[in-house]
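What follows is a short report on a single structure.
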Amino acid sequence: MTHRTDIQFVLNGKDVSVPNVSADQTLLDFLRLERRLTGTKEGCAEGDCGACTVLVGRLGRKGLAYVPVNACIRFLASVDGCHVVTVEHLSGPDGRLHPVQQAMIEHHGSQCGFCTPGFVMALYALWMQTPEPTETQVETALQGNLCRCTGYEPIIRAAVAVSRYGTPASDYLNTERETMTTRLAALKDGRRVVSGTEDNLSIIPSSVDDLAECLQTYPNATIVAGATDVGLWVTKFLRNIGPAIFTGHLEDLKTVERQGSLLLIGAGASYTDCQELLSEHLPHLSSYWDRIAGWQVRNMGTVGGNIANGSPIGDTPPVLIALGAEITLRRGSESRTLPLADFFIDYGKQDRQPDEFVASIHVPLPGPNDLNAAYKISKRRDEDISSVAAGIHMTVTDGTISNARIAFGGMAATPKRAAAAEAALNGRPWSRESIEAAAVALAQDFSPLTDWRASSDYRMLSAQNLLRRFFLENDTKTDTPVQLACA
């Protein structure tokens, strides 16, 4: 079968076919420069401010689902087969304002107006999912939207009040859902897409098997799952990412399920895809997960991409290493599995061959005597990069610690286990003295750097205090407080 060379999707209500789409062409530039849909703004160009928020609907195993995403770091090739909805599409045929827009006006949620379209689109997505949200749900949905004018209170009041002005049942995305499902299904032709110029190709494999074949043909290609890192390579560092192989449409890489005593997470599953299952089986990750970036980034970013990128400050590796996770990598028709802790070799270097890709993550479920925690230290509570991230696991049986696994991000050139601290705990009693010995031993494990996020001393003190916090949160034998230094 011949390859397709154009990117096909539905933009608002119109079918679009775009030829010669280069790997680095962003959805935002296409909307603003080629389609003059200028309601979608460019603020930060790195997925932080939310001014560029649009909705992207894709057909998956559970039907047609819409999520808000950042158009500034979303590549145009990645919306092949999708329905893209911009703020211009919200008003009715007669020009009447959408309920979200009306609520923003009535509650004075806009001042200069630059960020307002992004807020409207995020609140639109929230309203469609949760018509009567709590303030906490609103705040979580708006983590990825920044405003320099307001105190956010008017916007939160507007979000809570949207259903006074209309109901999701009468919204276009619901009334036309069956028709849109049929239109998107017709775009799924099962063909590989190869678009753009020879030195800047966009490649969209037809299946996971085709992905493996593409990587053997283009072993040095950039794999783009959610683009939450790769997008910045283009918008901030002006890097050439071509040829790029886009994988966000591959449903077989998005499996998230329990298999016996393990959780299986496909490498292409987004943070949002994983959240419900993780909250059910690993509740200590629930609040931690909400602090990974903002809603838009959680809808785009993938656990597999966070691992494969190998950043020492990635949020997921420390907590998954502490849980004893393993990953499976695929190369052609062959696969291999290794402990996640062994995947990270050195700064920017992972145990992955050029034509190999992360296929899945396997996370053991805790036993009845296991204690687990996940911690994140950052300058800003929401939507910020970690200064220190920690995953802590211990088995405590009859008052004795075993199987201690402690992993940190931000403390070394890679996400790394604290071997000396673990040794100081294994076989020791569950006590404050044991924890203090492990805290002291952290100095043997790490020599953290100083950068603009945190000093070396701050990082070390924070890591030590997280061990103490872990003890206090899990100890039921003493009510004597321990004095903690500020972290």
Other residues, nucleotides, ligands: >12 heavy atoms within 6.0 Å of R61 CZ: yes
Sorted by chain and residue number, the side chain to side chain donor-acceptor pair (under 3.5 Å) partners of R453 (sequence neighbours excluded) come out as none
In terms of side-chain heavy atoms, does T450 have a donor or acceptor partner in S455 at a distance below 3.5 Å? no
How far does OG1 of T228 sit from CG of N70, to the nearest 0.5 angstrom? 9.5 Å
Backbone of T316 reached by a side-chain donor or acceptor of N306 within 3.5 Å: yes
Can you check whether I7's main-chain N or O pairs, donor with acceptor, with D80's side chain at less than 3.5 Å? no
Quick one: are T40 and L27 in side-chain contact, heavy atoms under 4.5 Å? no
Any donor-acceptor pair under 3.5 Å from S78 side chain to F75 backbone: yes
d(F470 CZ, I406 CD1) to nearest 0.5 Å is 8.0 Å
If you define the side chain from C-beta out and look only at heavy atoms, does anything of M411 sit under 4.5 Å from V388? yes
Classify the ring geometry between F408 and F446 as parallel (under 30°), tilted (30 to 60°) or perpendicular (over 60°). perpendicular
Do side-chain atoms of W295 reach the backbone of T140 as a donor and acceptor pair under 3.5 angstrom? no
Going by the side chain to side chain contact (heavy atoms under 4.5 Å, CB included) test, name the single residue among C274, S287, S286 that passes it with S279. S286
Side chain to side chain, S207 and D252, heavy atoms closer than 4.5 Å: no
Between K376 and D315, is the closest basic N to carboxylate O distance under 4.0 Å? yes
Where is the tightest heavy-atom contact between G242 and A23, given as atom of each residue plus distance? CA-CB, 4.1 Å
Would a distance-only check, ignoring hydrogens and angles, find a side-chain to backbone donor-acceptor pair under 3.5 Å from K41 to G50? no
Evaluate the side-chain proximity of L278 to H281: yes if any heavy-atom separation is below 4.5 Å, no if none is. no
In short, G190 meets S206 closest at the heavy-atom pair O-CB, 3.5 Å
Pairing donors with acceptors under 3.5 angstrom, does anything connect the side chains of N299 and T272? yes
Kindly compute the distance separating CZ (R258) from CG (L277), expressed to the nearest 0.5 Å. 9.0 Å
Report the C-alpha separation of K254 and D273 in whole Å, then their side-chain angles, then the decisive distance to 0.1 Å, and conclude whether the salt bridge (charged side-chain N to carboxylate O under 4.0 Å, His left out) test is met. CA-CA 8 Å; K254 297 183 179 182; D273 292 335; 5.4 Å; no
Does P19 reach the side chain of T5, with side-chain heavy atoms less than 4.5 Å apart? no
Distance in Å, T400 OG1 paired with W430 CH2, rounded so as to fall on 0.5 Å steps: 12.0 Å
What distance separates D6 CG from S202 OG, expressed to the nearest 0.5 Å? 12.0 Å
Can you find a side-chain donor-acceptor pair between T53 and Q296 that sits under 3.5 Å? yes
Take I292 and V297 through the test side-chain contact (heavy atoms from CB on, under 4.5 Å) and record every step on the way to the result. CA-CA 8 Å; I292 298 176; V297 169; 5.8 Å; no
Determine whether I223 and T247 satisfy the following criterion, side-chain contact (heavy atoms from CB on, under 4.5 Å), listing intermediate values before the conclusion. CA-CA 7 Å; I223 301 175; T247 65; 3.9 Å; yes
Salt bridge between R432 and E436, side-chain N to carboxylate O under 4.0 Å? no
What closest approach, in Å, do L323 and P364 show between heavy atoms, and which atom pair accounts for it? O-CD, 3.4 Å
Shortest non-hydrogen separation from F9 to L187 and the atoms involved: CA-CD1, 3.9 Å
Here the pair of heavy atoms bringing A374 nearest to L285 is CB-CD2, 3.6 Å
Just by modelled atom types, is the L320 backbone N or O under 3.5 Å from a matching donor or acceptor in the H393 side chain? no
Answer yes if the side chains of D24 and S22 hold a donor-acceptor pair under 3.5 Å, and no otherwise. yes
Residues that Y66 engages under ring pair (Phe, Tyr, Trp, His ring centres under 6.0 Å), provided they are two or more places apart: H83
Exam field: side chain D29 to backbone R32, donor-acceptor pair closer than 3.5 Å: no
T414 (side chain) donor-acceptor with K416 (main chain) under 3.5 angstrom: no
For a salt bridge (charged side-chain N to carboxylate O under 4.0 Å, His left out) check, start with the C-alpha distance between R468 and D475, then their side-chain angles and the critical distance, and finish with the verdict. CA-CA 10 Å; R468 297 176 179 120; D475 186 53; over 6 Å; no
R336/D351 ion pair, N-O < 4.0 Å: yes
Assess the residue pair F30 and L11 against the criterion (side-chain contact (heavy atoms from CB on, under 4.5 Å)); give the C-alpha distance rounded to whole Å, side-chain angles, the decisive distance to 0.1 Å, and a yes or no. CA-CA 11 Å; F30 175 79; L11 175 57; 4.2 Å; yes
With no hydrogens and no angle check, do the side chains of R298 and Q275 hold a donor and an acceptor under 3.5 Å apart? no
Decide if atom CD of E257 counts as having more than 12 heavy atoms of other residues, nucleotides or ligands within a radius under 6.0 Å. yes
Is any side-chain heavy atom of T197 closer than 4.5 Å to a side-chain heavy atom of N20? no
Would the distance check show the side chain of N426 and the main-chain N or O of N403 forming a donor-acceptor pair, the cut-off being under 3.5 Å? yes
For the CD atom on E276, are there more than 12 heavy atoms of other groups (residues, nucleotides or ligands in this structure) within a distance under 6.0 Å? no
Answer yes or no: are there more than 12 heavy-atom neighbours, outside K349 itself, under 6.0 Å from its atom NZ? no
Could you tell me if the side chain of N145 sits less than 4.5 Å from the side chain of C115, heavy atoms only? no
Should the pair E422-R417 be classified as a salt bridge under the 4.0 Å nitrogen-to-oxygen rule? yes
Out of curiosity, W452 CH2 to K379 NZ, how far, rounded to the nearest 0.5 Å? 6.0 Å
Give the minimum heavy-atom separation between W233 and T222, together with the two atoms involved. CZ3-CG2, 3.9 Å
Between the side chain of R459 and the main-chain N/O of G410, is any donor-acceptor distance below 3.5 Å? yes
For I435 and M394, what are the C-alpha separation, side-chain angles and deciding distance, and is it a side-chain contact (heavy atoms from CB on, under 4.5 Å)? CA-CA 11 Å; I435 295 296; M394 297 179 203; 4.1 Å; yes
